[in-house]
Each structure stands twice: as structure tokens, then as C-alpha cells.
Amino acid sequence: MHGWWLDRILWRFLILGLVCAAGLCAAQPMPAGSEEIRLPPRRIEDVVRMLDYYKPDPATVTRARELADTTPPTDSGKAELLDFYRKRAAANARLGRIDQQIADLRQAVDLSEPRTWERAGLLGVLATAESSGGNVLDAARHSDEAIEQLPPENPSRLLALLQAAAYYYATLGDFPAARERVRRAEAVFARLRGKRSWEARGALWTARIERARAEIFRIEGRLVEAEASYRKALAAYEENRRQEASAGADGERAERFDAILERSLASVLLAQGKLAEGEMLARRALQKSLERVGRGATDTAQGLALLSSILSEQGRYAEATRLAEESLRSYLDSGAVETNLNVVRARQSLGAALSAQGRYREALVIFERNRDLLKGDPVLLQKIGTGHIEWIISLLRSGNPAAAERMASTMLERSVKRYGEKDVRSALLQGLLGAALAGRGDATAAIEVFRNRVPLLLGQARNDAEAETGTSRKQRYLVLILEAYLRALSAAASPSDAAIAESFRIADVARSSVVQQALTAAAARANIGDPELAAMARQEQDTQHQIGALSTLLSELLAAPPAQQLGGIQENLRRDIARLKEQRDTLLRQIVGRFPEYAELVWPQPVS
């Protein structure tokens, strides 16, 4: 009897989706200091051609496997044995056997002489391996040890080690320790500026210190500062590469860091919604990786994964899926084992891309394959987990709401223990649980869940719109949950006038907070004439970026095994997030009180 109003509201969601596709991408601001961004190709044929050209080399993988499977010589001296473990570690790294690589590097460290460049270098590589394997705490410890073992007459190497240590501690959420190492790096950099070799190596040293600054800015969520420092670091690395080329030096190392920095900058641009320039940088970094190491390499796989994410945010789901498949293939072509951390994450990304494209049954096959593999590796299982948001969605869309309910319930229980019931991550899982309940016909239970959690999700959507951190993925999740809410209201035994009014209110709020607000707020900020208001609006937006970044970091830290966590860091992060939220609320009240017309434009109230 009330089907007409449900159809009317669902048509609003169809229009909402069209506006999202047409409007949000068009609203991207130009990066500060840039005059023009050359738009990337609208298709990926050029990327596919490059992948076809740079075929994987099976012989290289075979040689790496042979070396990795070699047993240590029994009649060698200390120096020869150290060289053996160093080379076997490199072979294991090539194959993605991180645990074996770490074991070999530890043997090599034990065989090296204390207080030497060799031991410091081995410890630096060991720190990188530990980080690649997901144990950032040990990476930080080994990085500090490398600094202690480095002879004092090599400030250039010390600068590189301090930059790496700062990154590891920032990744752990220990910002005081990270900043202390950046301060030490700044002091080393100041000494290097006075050296006679500055003209020849100053660009390299500048790149390292700017990268150290950028990494902390990025992890803290200070995206504008991170973008500026990454740009400076990238410009300095490119200058260093030109210097090395003119001197006849091998520029491969500089080219590798160019690609890494371009990927880092592209990630920061992606987080800010600057998708066009982010795509251009990701394409350029991918080309450099292919030219340097070919198709079957970790660098190439990482570049493909990043470009896939950028295309997905543009709504180009078919192309994103194609590149997610190629990323997984590159990891496997490199010789990496099926349970390698990077391979498992690449398979998750492929499943998510298939789900976003609407290929739900294919996504289920990928997710189930990951689950079966992880059963044999309890440590990796704890890091990765057995569930995934897109897995729940694929189950729902494939007509299996009971399985979706079980997975959502399991993930929700874990999320509540980590973040609390009112955290937006828990609210999203509760929303999906409500969708599963509605899907199996329990409209009453579903409505109860939705009424408690949809307001929180809508509030987060508004915050994302204000900070320009909303993504097509978040919008898709919200629309799925709101559609399920509306269907549950319609399926109630006898929809009341209040239920109908609630349906229209939800549709109006969603339209206001997700699309109209994002576009209007972006236009309003771009045309602020009052310097005081401009400063307050910028501060409010930056604070929201920091809240999002620290919340993501907290999620990652809580996913690590207890032995790989720093005591007290999570609680410090929670306090920082709460403090930032208070600062943002204060700013909002000040803006509303002093600039009510701007506030009404940026944060319109929903119809009642």
C-alpha cells in the first residue's frame, strides 16, 4: 500500500548517485602553486601495453629460488658465511619470503663486526624487512640499533637512518619519538650544509630531510604540509638523479626513490581528493618501476595497487579491477608465496574491487581463497583478520544475508572491543548488520539497529564533506545502509505516518550531507573573502584531516599482535583524537556564532 513512497525515495538515491558521479570529481581543487595539471588518459590501454611489454623473467625467479633454497656452507670462514647470508636474504626478499629474509639478516648481523658501516647497513636492511613483514616495532628497534652501530664519520648515512627511524616511530603512533629523531636529522642536515660536498650531494640530503618531515605530516593527517614536503623531496631527488647522471654514476637507486616518492605524493593527493594529478603521478611512478625492475616485482605491484585505488575512487571500477588483478599477478610473478603479507592484501584489494564493480560472486571466491590460506598462518590471520566490509556486501548482494549477519556480528564484536560502540567504524558494521537483518526479513530488529546508528553515520558523512575527505567508497556504503533502512521501514507490519516521515527525513538528510554539502562547501571555501574566516575554515578542515588520519592509525595499531605494540601509545592516540574533536567542535561553534551566513551555506540544516 505504501510502495509508492518507497519508489519515490529510491529514485532520490538514483539521482544522488548520478550527482556523485558527475559532481564530486569535478569539484577537485588545483594544488597550491600549480598553474595547470595535464589530465591523464581516460583509459588504461597505455598501462596495459606497458605490462605486456615488460614480461616477467622466469629465469630470474628460478635463480632466486635456487639461492634461497641453498644450505649454508660448512667449511667457510666468517666473512664468506656473512656474504652467504646476505645474498640468501636478498633472494628471499625477491621471493617475498619475509620470515626467511629476516632470519638470514639476523645471522648476517651476528657475523658482522660491531661499530662498523657493514653492521649498521645490515641492521637498516633488517629494519626494512621487519616493516615489510608488519612488525614495525622491531623495525624501529633495529633502526635505532643501526644508528648506534654507525661510525661517527658518516653523517650522510646517519641522516638516512634517522629518516627511516622517524617513519617507523610515526607509524607506531609514537610521535614524540618520531619528532625527536627528526630533530636529530635536522641537526645532521645543518652540519652537512657546511661541507664541501654539499654542491655534489646537497640535493640528496635535502630529499632525505624533506621526506622525513613529509612522512610524519602524512601519518598525522596534516596533508597540506605533507604534500608540500613530498614535492620538495621529489624535486630534490630528481635534481640528485640529474647530478648522478652527469657524473656517470648509476642512477638506479635515485630512480627507485623517485618512484617511491611519487607514489607517496599520489597517496596524499588521493586522500585530499585530487584524483587527476594523483593518477598522473601514479602512472609515472609505475612506468619507472616497470623500466627499472620489470613486471614481476614488488615495486611494480605496489604501483599497480595504488593506481587501482585511484581509479576506483573515480568510479572506474572495471579498470580498477583489471589493475588489482595485475597487482596480484606481479606479486606472484616475483615468486612471492601465497601467504606473503603483500599477496594476501593484494587479494583482499582484488576482492574489494570486484565487489565495487558488482561482480559479487567472483569477489566471494577471492575472499574465501584468502580465508582458506590464512588458516595455516595464525600470526598473519591475527594481523589481517577473517572478515572484510566488501565481503559482507558481496554476501548481501549475492542473496546470503544469514552469512553476512554472522560476519558482521563477528567483526562488530571485535570493533567494539577496540574502538567502542559509538566509534564510526563500529557504527558502519552495525549498519551492515542492520542491512543483513533486513535482508533475512527481520525488519523490526533492523529498524532498531538503524535508528541507533544511522545518525552517527550521517554525522560522519557531514564531517567528511566538510573536510573534503569523503570518498566514493564511503558514499556507496552509506547509500547501501540507507536503502536497507528504507526497505525495512517499508516492510514493517503496517508502516505508520511516522515511518513515512522518517523515510523522507533520511533521504533529505543524506542528500544534504553527502552531495550538496560537499559541492557547496568546496565552492564556499574557495570564495572566502574574510581572512579571519579563511584561517578558521582552514584550521577546521585540517583538524578533521588529523582526526581521520589518527583514527586510521589507531585501527592499524590495534590490529597488531600485543608483542608488536608500544605500551600506552593507543591510549595517547585516543586522547589526541578526543582533544582534536574538542578543538574542532570549538571552532565550529565560533564559526557559527561569528559567521552565521557562511555556516548556513556550508552546514545546511535538513528539512524537518
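Residues take their numbers from the sequence shown, with the count starting at 1.
A 4.5 Å side-chain heavy-atom check between E130 and L137 finds every atom pair outside the cut-off. Residues Y237 and R208 meet the side-chain proximity criterion, which asks for heavy atoms closer than 4.5 Å. Side-chain atoms of L373 and D377, non-hydrogen and from C-beta on, never get closer than 4.5 Å to each other. Considering only heavy atoms from C-beta on, R94 comes within 4.5 Å of S334 through its side chain. The shortest side-chain heavy-atom distance between I216 and Y169 does not fall under the 4.5 Å cut-off. No side-chain heavy atom of R329 sits under 4.5 Å from any side-chain heavy atom of L51. Side-chain atoms of R347 and E338, non-hydrogen and from C-beta on, do get closer than 4.5 Å to each other. Side-chain contact between R218 and Y230: present, with at least one pair of heavy atoms (C-beta onward) separated by less than 4.5 Å.
With respect to R283 and D46, a salt bridge is recorded, a charged nitrogen being found less than 4.0 Å from a carboxylate O. Salt-bridge check for D69 with R97: passed, with a basic side-chain N closer than 4.0 Å to an acidic carboxylate O. Residues R231 and E227 are paired through a salt bridge, judged by an N-O separation under 4.0 Å between the basic side chain and the carboxylate. A salt bridge between R63 and E66 is absent, with no side-chain N of the basic residue lying under 4.0 Å from a carboxylate O of the acidic one. In this structure, E405 pairs ionically with R440, as a charged nitrogen and a carboxylate oxygen lie closer than 4.0 Å.
In this structure, the side chain of S398 engages the main chain of S394 through a donor-acceptor pair within 3.5 Å. Formation of a donor-acceptor pair under 3.5 Å by the S132 side chain with backbone atoms of T128 is found in this model. Remark: side-chain polar atoms of S327 are paired, donor with acceptor, to backbone N or O of A301 under 3.5 angstrom. Between the side chain of T62 and the main chain of P58, a donor-acceptor pair closer than 3.5 Å is present. Using a distance-only test at 3.5 Å, with no hydrogens or angles considered, a donor-acceptor pair links the side chain of N92 to the main chain of R88.
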Practice prompt. In sequence, state the C-alpha distance, the side-chain angles, and the governing distance for E262 and E238, and then conclude on side chain to side chain contact (heavy atoms under 4.5 Å, CB included).
Written response: CA-CA 11 Å; E262 283 175 335; E238 290 175 345; 4.1 Å; yes
Worksheet item: So R211 and I260, side chain to side chain contact (heavy atoms under 4.5 Å, CB included) or not? Walk me through it.
Response: CA-CA 11 Å; R211 185 181 178 189; I260 291 172; 3.7 Å; yes
Item to complete: Determine, stepwise, if the pair E483 / R487 fulfils salt bridge (charged side-chain N to carboxylate O under 4.0 Å, His left out).
Response: CA-CA 6 Å; E483 284 180 344; R487 293 186 189 281; 5.4 Å; no
Discussion item. Assess the residue pair E279 and Q314 against the criterion (side chain to side chain donor-acceptor pair (under 3.5 Å)); give the C-alpha distance rounded to whole Å, side-chain angles, the decisive distance to 0.1 Å, and a yes or no.
Written reply: CA-CA 10 Å; E279 182 182 347; Q314 295 179 24; 3.0 Å; yes
Item to complete: Show the numbers, then the answer: is there a side chain to side chain donor-acceptor pair (under 3.5 Å) between E390 and Y477?
Response: CA-CA 9 Å; E390 293 288 356; Y477 293 167; 3.0 Å; yes
Practice prompt. Step by step, work out the side chain to side chain contact (heavy atoms under 4.5 Å, CB included) result for Y167 and T171.
Written response: CA-CA 6 Å; Y167 166 73; T171 303; 3.5 Å; yes
Discussion item. I'd like to know whether I44 forms a side chain to side chain contact (heavy atoms under 4.5 Å, CB included) with R316, so could you lay out the CA-CA distance, the side-chain angles of the two residues, the decisive distance to 0.1 Å, and finally the verdict.
Written reply: CA-CA 10 Å; I44 59 168; R316 297 160 63 183; 4.3 Å; yes
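Test V337, V344, T300, V343 against Y331 for side-chain contact (heavy atoms from CB on, under 4.5 Å) and you get one pass: V343. Checked against L428 for a side-chain contact (heavy atoms from CB on, under 4.5 Å), the options L457, L478, L433 give a single hit: L457.
Of all heavy-atom pairs spanning T321 and L350, the tightest one is O-CD1, 3.9 Å. In terms of heavy atoms, V61 sits closest to G335 at CG1-CA, 4.0 Å. Shortest non-hydrogen contact noted between G278 and I310 is O-CD1, 3.5 Å. Across all non-hydrogen atoms, the minimal contact from G434 to A446 is O-CB, 3.4 Å. Closest approach of V449 and Q430 over heavy atoms only: CG1-O, 3.1 Å. A pairwise comparison of heavy atoms in N342 and N340 identifies N-OD1, 2.9 Å as the closest pair.
Here F367 pairs with H388, W391 under the ring-ring contact (aromatic ring centres under 6.0 Å, His included) rule; sequence neighbours left out. Evaluation of the salt bridge (charged side-chain N to carboxylate O under 4.0 Å, His left out) rule for R295 yields E326 as partners, not counting sequence neighbours. By the salt bridge (charged side-chain N to carboxylate O under 4.0 Å, His left out) test, R49 is found to be paired with no residue, residues two or more places apart in sequence or in another chain being considered.
Residues R263 and Q302 bring a donor and an acceptor atom of their side chains to less than 3.5 Å of each other.
From L482, atom CG reaches atom CZ of F450 across 8.5 Å, with rounding to the nearest 0.5 Å. Annotation: the span from I392 atom CD1 to I389 atom CD1 amounts to 5.0 Å, rounded to 0.5 Å. Annotation: the span from S355 atom OG to I366 atom CD1 amounts to 12.0 Å, rounded to 0.5 Å. Between the CD atom of E325 and the OG atom of S349 there is a distance of 12.5 Å, given to the nearest 0.5 Å. The CE atom of M280 sits 7.5 Å away from atom CZ of R284, with the distance rounded to the nearest 0.5 Å. Rounding to the nearest 0.5 Å places NZ of K288 at 13.0 Å from CG of L290.
Summarising the local packing, CZ of R322 is surrounded by 12 or fewer heavy atoms from other residues, nucleotides or ligands at distances under 6.0 Å. Around CD of E413, the count of heavy atoms belonging to other residues, nucleotides or ligands within 6.0 Å does not exceed 12. Within a 6.0 Å radius of CZ in R361, other residues, nucleotides and ligands contribute 12 heavy atoms or fewer.
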